[in-house]
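One structure is given below, encoded as structure tokens.
Just so it is clear, the model here is predicted, and its values are computed rather than measured. Lettering of chains follows the sequences in order, A, B, ..., and the numbering in each one begins at 1.
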Protein chains: 2
Amino acid sequence: MPLTLEDIAALSGTSRSTVSRVINGDHAVRETTRERVMTVLQSLNFQPNLAARGLAAGHTRVLGLVIPMGVSTIFTDPFFPMLIQGVSSACNACDYSVMLWLAEPEFERRTISKIFYNGLLDGVIVASMLTDDPIIEALGEGRLPFVLIGRNPSREQTCYVDVDNAQSSRQAVLHLLRLGRRRVATITGPQNMIGGIDRLQGYQTALRERGLPILPELVAEGDFTEMGGYIAMRQLLRARPDAVFAASDMMAIGALRALTEAGLRVPQDVSLVGFDDIPAAAHTAPPLTTVRQPTQRMGALAVETLIDRIENPTPEVCHLVLPAELMVRESCGTSLGLFH
Amino acid sequence: MPLTLEDIAALSGTSRSTVSRVINGDHAVRETTRERVMTVLQSLNFQPNLAARGLAAGHTRVLGLVIPMGVSTIFTDPFFPMLIQGVSSACNACDYSVMLWLAEPEFERRTISKIFYNGLLDGVIVASMLTDDPIIEALGEGRLPFVLIGRNPSREQTCYVDVDNAQSSRQAVLHLLRLGRRRVATITGPQNMIGGIDRLQGYQTALRERGLPILPELVAEGDFTEMGGYIAMRQLLRARPDAVFAASDMMAIGALRALTEAGLRVPQDVSLVGFDDIPAAAHTAPPLTTVRQPTQRMGALAVETLIDRIENPTPEVCHLVLPAELMVRESCGTSLGLFH
DNA sequence: CTGAAAGCGCTTACAG
DNA sequence: CTGAAAGCGCTTACAG
């Protein structure tokens, strides 16, 4: 049988209460007592039962990470692995654990609240991206602390961590315009996902700022996959763009394939810019210019924000928006190189 | 405050014990009582506190999934996302939850047992692959049920689920030989990972069966990444292979890049076969012949095996080895096409 | 600074 | 078939 506080107390000649205080770092314990208990604790490698602790203390130091599976990119894009890694390592650092929920789309509210209100979680991080996710709605009605990865337009009073999609997309497109490109197309993400919406908006803002029209034939919707990018690019080809801003690297890679197949050279004939800076982006031919998204950092910040909400009695609603950096590689060309 | 059994009991005119019995499906409850309680339960959407249940019952219905982060492929290869998905959805189906541990390599045994013996987990699935993982050793000394994804040569008395790496690799190489290829090279995985070892062994077996020598200059070690495959292929080029078996699709994609850069055509000059059948494999130019690994199925089987060990008093040590299927696409050529 | 005691919300023999 | 009671292993006022 595993040891209990009572065993440790007996072995160190003190009481269960004192052992508990030592374990929890209570300063109101005499130093000599503390040391005596510590010795026993360590020599037996004692692990307190977290279920019991949770029941008595009213919290578990366990966070939920919810990732809706409705998204086709979950296996093909390193975004989610990186996010999971960021969340996991921040939890480790804060001495929290993470329970993972890959939520199948057909989950209904009953299941959702069964999961969230069973007393095992102190809070939840939701990486939904979908603008109208029932999980977010269910959480919104409850009393469990939660923070979103990716803003949600319909609940601005909710905590979230996001990357500045609109601003960094705008910068990417401005970069293309600065290189002299005039027919800049875009392959958007799905328009029910916030990243898809905001990146398109950044594209539009950039064109408008430079007094250029937004032409429907230069805008095609993708689904964040390589195949989606390929298909969208073939459609865009008819409008003869001289540059393409793809809302994800996977789509940019698909677009590159379509361009190459069509006999067009990147960047000489068409400049190409992606979004994410996945590892593969540096190894395409030519290497892909892209917006580097601080994915792991977002995960870590979500954890820190959530823990603050959990441990802090009256925290502010907070919106953290991280900047993203344009990684200029060869696929966009240079203003020098372009016209030679 | 959340509801408790006592609340439900009061509302349905019965006792806490009976409510508990109804929730846990005890048949020794009169049907009319059961219905009365059920009505209250459902109308209030009652969720029992799992920490309390865990403490009282001695189990939590939570499984741990441990993935060591020492592996460079965790972000670039869909293997881990797929595995996680398989584990997660099998857990959902069995009404278990999963706690995720992305174990940083420097974790020492004290931390490991702190994690595993805190009473929150009924069992653990370890997707280690590393032949000498301290996590597996720590688990081996303890009393927590666990199963491995990927066999571990140093502990054959442990439960595991694996794909038949050796057999399916052998088949892939035999296929190349059948096409008339005679200088078949291989890009292996790391030789401290079981998949790397077993796939190399399959390659060697196939050559030996056909009476062909195993030439050191036709064997190069990679690290399961695209870049590793690229580097290994450049090295192999000096030995002028007419076919390459890469121990992962990501490495095959890197090899393809190296071959293309060297002006060699696939499959006309060099046949190429990968392993995994990741989504991208169908979209390379030419599409990649590869061994399809049932990754999600492995995750699901690991869950089922583990739950059986947890719930079954004296389960057998079991080794599940799944077959993998060769997906023939264009990158290996055909015996007809090859010589024209 | 420390211990005895109550209590967290369940499960499960035990008695009836 | 059902309820009163003990107990799971902790935390935390409370009293001293």
In whole angstrom, give the distance that lies between atom [atom1] of [X] and atom [atom2] of [N].
X: A:Leu120; N: C:dG9; atom1: CG; atom2: C1'; value: 13 Å
X: A:Leu55; N: D:dC8; atom1: CG; atom2: C1'; value: 9 Å
X: B:Arg53; N: C:dG9; atom1: CZ; atom2: C1'; value: 11 Å
X: B:Leu5; N: D:dT2; atom1: CG; atom2: C1'; value: 15 Å
X: A:Glu6; N: C:dG3; atom1: CD; atom2: P; value: 11 Å
X: A:Asp26; N: D:dA13; atom1: CG; atom2: C1'; value: 12 Å
X: A:Arg30; N: C:dG3; atom1: CZ; atom2: C1'; value: 13 Å
X: A:Arg34; N: C:dC1; atom1: CZ; atom2: C1'; value: 14 Å

Sugar-phosphate only, base, or nothing, as touched by [X] at under 4.0 Å among non-hydrogen atoms:
X: A:Ala57; value: sugar-phosphate
X: B:Thr18; value: sugar-phosphate
X: A:Leu3; value: sugar-phosphate

Respond yes when some side-chain nitrogen or oxygen of [X] is under 4.0 Å from OP1 or OP2 of [N], and no when none is.
X: B:Ser20; N: C:dT11; answer: yes
X: A:Ser15; N: C:dG3; answer: yes
X: A:Thr14; N: C:dG3; answer: yes
X: A:Thr33; N: C:dT2; answer: yes
X: B:Asn49; N: C:dC8; answer: no

Exercise for review: Select one nucleotide: of C:dG9, D:dA6, D:dT12, the one nearest the side-chain heavy atoms of B:Arg16.
Suggested key: D:dA6

Practice item. Return the nearest nucleotide to the side chain of A:Arg21; candidates are D:dC10, C:dT11, D:dC14. Key: D:dC14

Practice item. Identify the nucleotide, in any strand shown, that forms a Watson-Crick or G-U wobble pair with D:dG3, with both distances under 3.5 Å; if there is none, say none. Key: C:dC14

**Study point:** Qualifying residue, where the test is side chain to side chain contact (heavy atoms under 4.5 Å, CB included) with A:Val37 and the options are A:Thr32, A:Val19, A:Leu11, A:Ile23
**Key:** A:Val19

Review point. On the ring face of B:Tyr117, is B:Arg143 found with NZ or CZ under 6.0 Å from the centre and within 45° of the axis?
Key: yes

Practice item. Please determine if A:Arg297 and A:Glu304 form a salt bridge, counting it only when a charged side-chain N lies under 4.0 Å from a carboxylate O. Key: no

Check your understanding: Is B:Glu156 paired with B:Arg151 through a side-chain N to carboxylate O contact shorter than 4.0 Å?
Key -> yes

Review point. Among side-chain atoms of B:Asn192 and B:Thr131, is any donor-acceptor pair under 3.5 angstrom?
Key: no

